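Nothing here was measured: the structure is a model prediction, and the numbers come from that model. Note that the numbering runs from 1 along the sequence shown for the chain.
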Amino acid sequence: MSKTLTVPLNIGATTAPHIYGFLFNYTLLGALLVQVYNYHVYHGVNDSYWMHIMVYLIFAMELLQSGLMGADIYRIFGSGCGDIDVLDINHTDWFGVCILGGIVAAIVQSFYTFRLYKFTKSLLVVGIIGTLIVIQLITAFIQGIMSALLVRYSSLQKRPANLIVWIVELGLLRQTE
């Protein structure tokens, strides 16, 4: 017996953030690929071994995040096509967005904090920014774990406290950059 499918009137409002997010992520991945290639060809010979590790590690994490998002888009629009419930399920966003995004942000912000220290020699400023980076990384892991435990996106509306903490902390870090 076939199942009757009822498509909600606001289906575009539900699917558009997924589609635009995936497209925007892959566009930025293409730009990052060009930047890493240019770094490797033109600037990589003068940098230290640790700088190479940092650049390629961040690139590998971004590739992993894009791969996870690609698997999600297949689950949502490929194998889950026509199933409205699949749009509400948290597939791998808890890891790719929250945890990997937090790690990449912490690495990049630490690099800029180190550069800031080289210019200013101010331990106070570096200590404050470093503390914010650690708080941001901890909240990214907490958000990732809480998102993994919440199977549906609609359940996040019942627990906005962890989202608010992470957004406010990211706003503080943006002010220090």
Quick check: is [Y] connected to [X] through a chain of hydrophobic side chains (ILVMFWY, heavy atoms under 4.5 Å apart)?
{"X": "Phe114", "Y": "Ile129", "value": "no"}
{"X": "Leu32", "Y": "Tyr37", "value": "no"}
{"X": "Leu68", "Y": "Ile103", "value": "yes"}
{"X": "Ile145", "Y": "Val97", "value": "no"}

Please give me the minimum heavy-atom distance between [X] and [Y], naming the atom from each residue.
{"X": "Ala106", "Y": "Gln136", "result": "N-OE1, 4.0 Å"}
{"X": "Gly21", "Y": "Met69", "result": "O-CE, 4.2 Å"}
{"X": "Ala140", "Y": "Gly102", "result": "CB-CA, 3.7 Å"}

Rounded at 0.5 Å granularity, tell me how far [atom1] in [X] sits from [atom2] in [Y].
{"X": "Asn25", "Y": "Ile73", "atom1": "CG", "atom2": "CD1", "value": "10.0 Å"}
{"X": "Thr139", "Y": "Leu137", "atom1": "OG1", "atom2": "CG", "value": "8.0 Å"}
{"X": "Leu132", "Y": "Thr113", "atom1": "CG", "atom2": "OG1", "value": "9.0 Å"}
{"X": "Leu100", "Y": "Ser66", "atom1": "CG", "atom2": "OG", "value": "10.0 Å"}

Could you work out the complete set of other residues in the hydrophobic cluster of [X], with links drawn between I, L, V, M, F, W and Y side chains under 4.5 Å apart?
{"X": "Val34", "result": "none"}
{"X": "Tyr117", "result": "Leu123, Val126"}
{"X": "Phe119", "result": "none"}
{"X": "Tyr20", "result": "none"}

Handout entry: Gln109 side chain vs Ile133 backbone, donor-acceptor pair below 3.5 Å
Key = no
Handout entry: Heavy atoms from other residues, nucleotides or ligands near NZ of Lys121 exceed 12 (cutoff 6.0 Å)
Key = yes
Problem - Contacts of Leu28 that satisfy side chain to side chain contact (heavy atoms under 4.5 Å, CB included) - sequence neighbours left out - result: Phe24
Please tabulate, for the side chains in residues 45-63, all donor-acceptor contacts under 3.5 angstrom to protein atoms that are two or more places apart in sequence or on a different chain.
unit_1: Asp47; atom_1: OD2; unit_2: Tyr39; atom_2: OH; d: 3.0
unit_1: Ser48; atom_1: OG; unit_2: Met51; atom_2: N; d: 3.4
unit_1: His52; atom_1: NE2; unit_2: Gly44; atom_2: O; d: 2.6
unit_1: Tyr56; atom_1: OH; unit_2: His40; atom_2: ND1; d: 2.7

